[in-house]
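Scope of the values below: all heavy atoms of this structure, side chains included, with no hydrogens, waters or symmetry mates.
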Amino acid sequence: VYPIGSYIGATAKGNIPDQYKKPVLLASKIVIVYLGEDEQAHRDNLLEVIKLFPHYLFVVISKTFDLGQYAKGNVIVDEHAPLDEFMNHEKTAFLISNGEWTILLNSFYHNLPAIAIGSSAEGALGRQFVKDKKVGVYISQVNSQALENAIREVVFDPVYRNNLKDISRYLKSTNTNNLIPNIIFNHFSAKSTPSSTKTDL
């Protein structure tokens, strides 16, 4: 039995379902993709970029993502993909996200940086967090070239994983299954607020 979806920081079982084993074996890196309400707006850009990285396995968490004529084997669309298993996998490199909090925080728990895109209210705080804390690459003007550059940057520049270390450690030290995402946002935002701007309550 494999969980569908994920609690933040749920323990991985150490294995993945059989249908994923061959694509994972063939991939050099695994990329988790969740675009939520921004999916349709960025579908074409994402597919263009997926073609440029044939040795990466893109796992798209969605029930509506349309692959169209794309027929290569480096992309899986599965609403119920076992996130804990993938995020805990040694080949998983980063998340492409619209900033939705639950999957974003799960990524941070596993010290996985994010590429944040989109304009929906659903991911507004998450995208801002990625930008402010430099725990990934935020793209304000999305096109296939910008997305390609962001992928290369987040894979080869260690600064993003280094910036995530404190956040990952904090999440792992807390009962993360019961966290409210805004608490995390406020906690780390407050740490970076200049003391001169704070007011006593």
Side-chain angles (χ1 to χ4, degrees), residues 1-120 122-123 126-127 130 136-137 139 142 144 147-148 150-151 154-155 171 176-177 181:
V1 177
Y2 291 89
I4 57 174
S6 175
Y7 284 112
I8 300 169
T11 303
K13 304 298 185 293
N15 201 358
I16 59 174
D18 289 342
Q19 68 265 33
Y20 299 106
K21 287 183 177 178
K22 184 176 180 180
V24 166
L25 180 65
L26 295 175
S28 64
K29 296 187 185 303
I30 299 169
V31 180
I32 308 297
V33 180
Y34 178 86
L35 295 179
E37 294 177 2
D38 297 277
E39 181 179 290
Q40 288 303 112
H42 299 296
R43 170 192 170 275
D44 292 344
N45 287 323
L46 183 61
L47 283 176
E48 285 300 312
V49 169
I50 286 174
K51 295 174 186 176
L52 300 176
F53 295 90
H55 299 300
Y56 287 14
L57 174 63
F58 291 81
V59 181
V60 182
I61 311 302
S62 173
K63 63 179 179 181
T64 59
F65 191 87
D66 181 13
L67 290 174
Q69 299 301 311
Y70 191 82
K72 293 185 178 180
N74 70 325
V75 56
I76 295 172
V77 178
D78 187 352
E79 178 187 11
H80 302 307
L83 282 177
D84 298 309
E85 303 304 322
F86 278 120
M87 288 192 172
N88 195 53
H89 199 282
E90 60 184 7
K91 288 186 178 182
T92 302
F94 60 92
L95 167 74
I96 298 176
S97 170
N98 73 332
E100 190 275 330
W101 263 121
T102 303
I103 195 167
L104 190 65
L105 286 176
N106 208 343
S107 177
F108 293 164
Y109 178 95
H110 291 285
N111 209 41
L112 298 174
I115 295 174
I117 63 177
S119 58
S120 68
E122 175 185 57
R127 293 191 300 272
V130 170
V137 177
I139 307 175
V142 183
S144 58
L147 192 51
E148 177 188 356
I151 288 174
V154 83
V155 167
L171 289 171
T176 52
N177 285 349

TODO: Please step through side-chain contact (heavy atoms from CB on, under 4.5 Å) for the pair Leu46 and Phe65, ending with a clear verdict.
DONE: CA-CA 11 Å; Leu46 183 61; Phe65 191 87; 3.9 Å; yes
- [ ] Output the distance between atom CG (Asn111) and atom OG1 (Thr92), rounded to the nearest 0.5 Å.
- [x] 12.5 Å
TODO: Check whether any side-chain N or O of Asn74 sits under 3.5 Å from a backbone N or O of Phe53 as a donor-acceptor pair, and report yes or no.
DONE: yes
- [ ] Answer yes or no: does atom CD of Gln19 have more than 12 heavy-atom neighbours from other residues, nucleotides or ligands under 6.0 Å?
- [x] yes
- [ ] Specify the closest pair of heavy atoms between Ser144 and Asn45, including all atoms of both residues, with the distance to one decimal.
- [x] N-OD1, 3.4 Å
- [ ] Any chance you could measure Glu79, atom CD, to Thr64, atom OG1, to the nearest 0.5 Å?
- [x] 8.5 Å
- [ ] Would you give the length of the straight line joining atom OH of Tyr20 to atom CD1 of Ile30, rounded to the nearest 0.5 angstrom?
- [x] 11.5 Å
Open item on the list: Checking the side chain of Lys72 only, and the main-chain atoms of Pro54 only, is there a donor and an acceptor separated by less than 3.5 Å?
Closed with: no
Open item on the list: Rounded at 0.5 Å granularity, tell me how far CG in Asn106 sits from CG in Asp84.
Closed with: 5.5 Å
- [ ] Taking the side chain as every heavy atom from C-beta outward, state whether Val59 and Asp78 have any pair of such atoms under 4.5 Å apart.
- [x] no
Task: Donor-acceptor pair, side chain of Ser107 and main chain of Leu112, under 3.5 angstrom - done: yes
- [ ] May I ask you to test the Ile103-Met87 pair for a side-chain heavy-atom distance under 4.5 Å?
- [x] yes
Task: Spacing of Ile96 atom CD1 and Ile50 atom CD1 [to the nearest 0.5 Å] - done: 7.0 Å
Open item on the list: When you compare the side chain of Leu57 with that of Leu26, does any pair of heavy atoms fall below 4.5 Å?
Closed with: no
Task: His42 vs Ile139 side-chain heavy atoms within contact, under 4.5 Å - done: no
Task: Value rounded to 0.5 Å, distance of CG in Leu67 from CD1 in Ile76 - done: 10.5 Å
Task: Whether Gln69 side chain and Ala71 backbone form a donor-acceptor pair below 3.5 Å - done: no
Open item on the list: The test is side-chain contact (heavy atoms from CB on, under 4.5 Å); show your working for Tyr34 and Thr102 and say whether it passes.
Closed with: CA-CA 11 Å; Tyr34 178 86; Thr102 303; over 6 Å; no
TODO: Compare all side-chain heavy atoms of Glu39 with those of Ser120 and state whether any distance is below 4.5 angstrom.
DONE: no
Task: Minimum-distance pair of heavy atoms, taken over all atoms of Ala81 and Phe86 - done: CB-CE1, 4.2 Å
Task: Worked verdict on Val155 versus Tyr56 for side-chain contact (heavy atoms from CB on, under 4.5 Å) - done: CA-CA 11 Å; Val155 167; Tyr56 287 14; 4.0 Å; yes
Task: His89 side chain vs Lys91 backbone, donor-acceptor pair below 3.5 Å - done: yes
Task: Any donor-acceptor N or O pair under 3.5 Å, side chains Glu122, Asn98 - done: yes
TODO: Would you check if Leu104 and Phe108 make a side-chain contact, meaning some heavy-atom pair closer than 4.5 Å?
DONE: yes
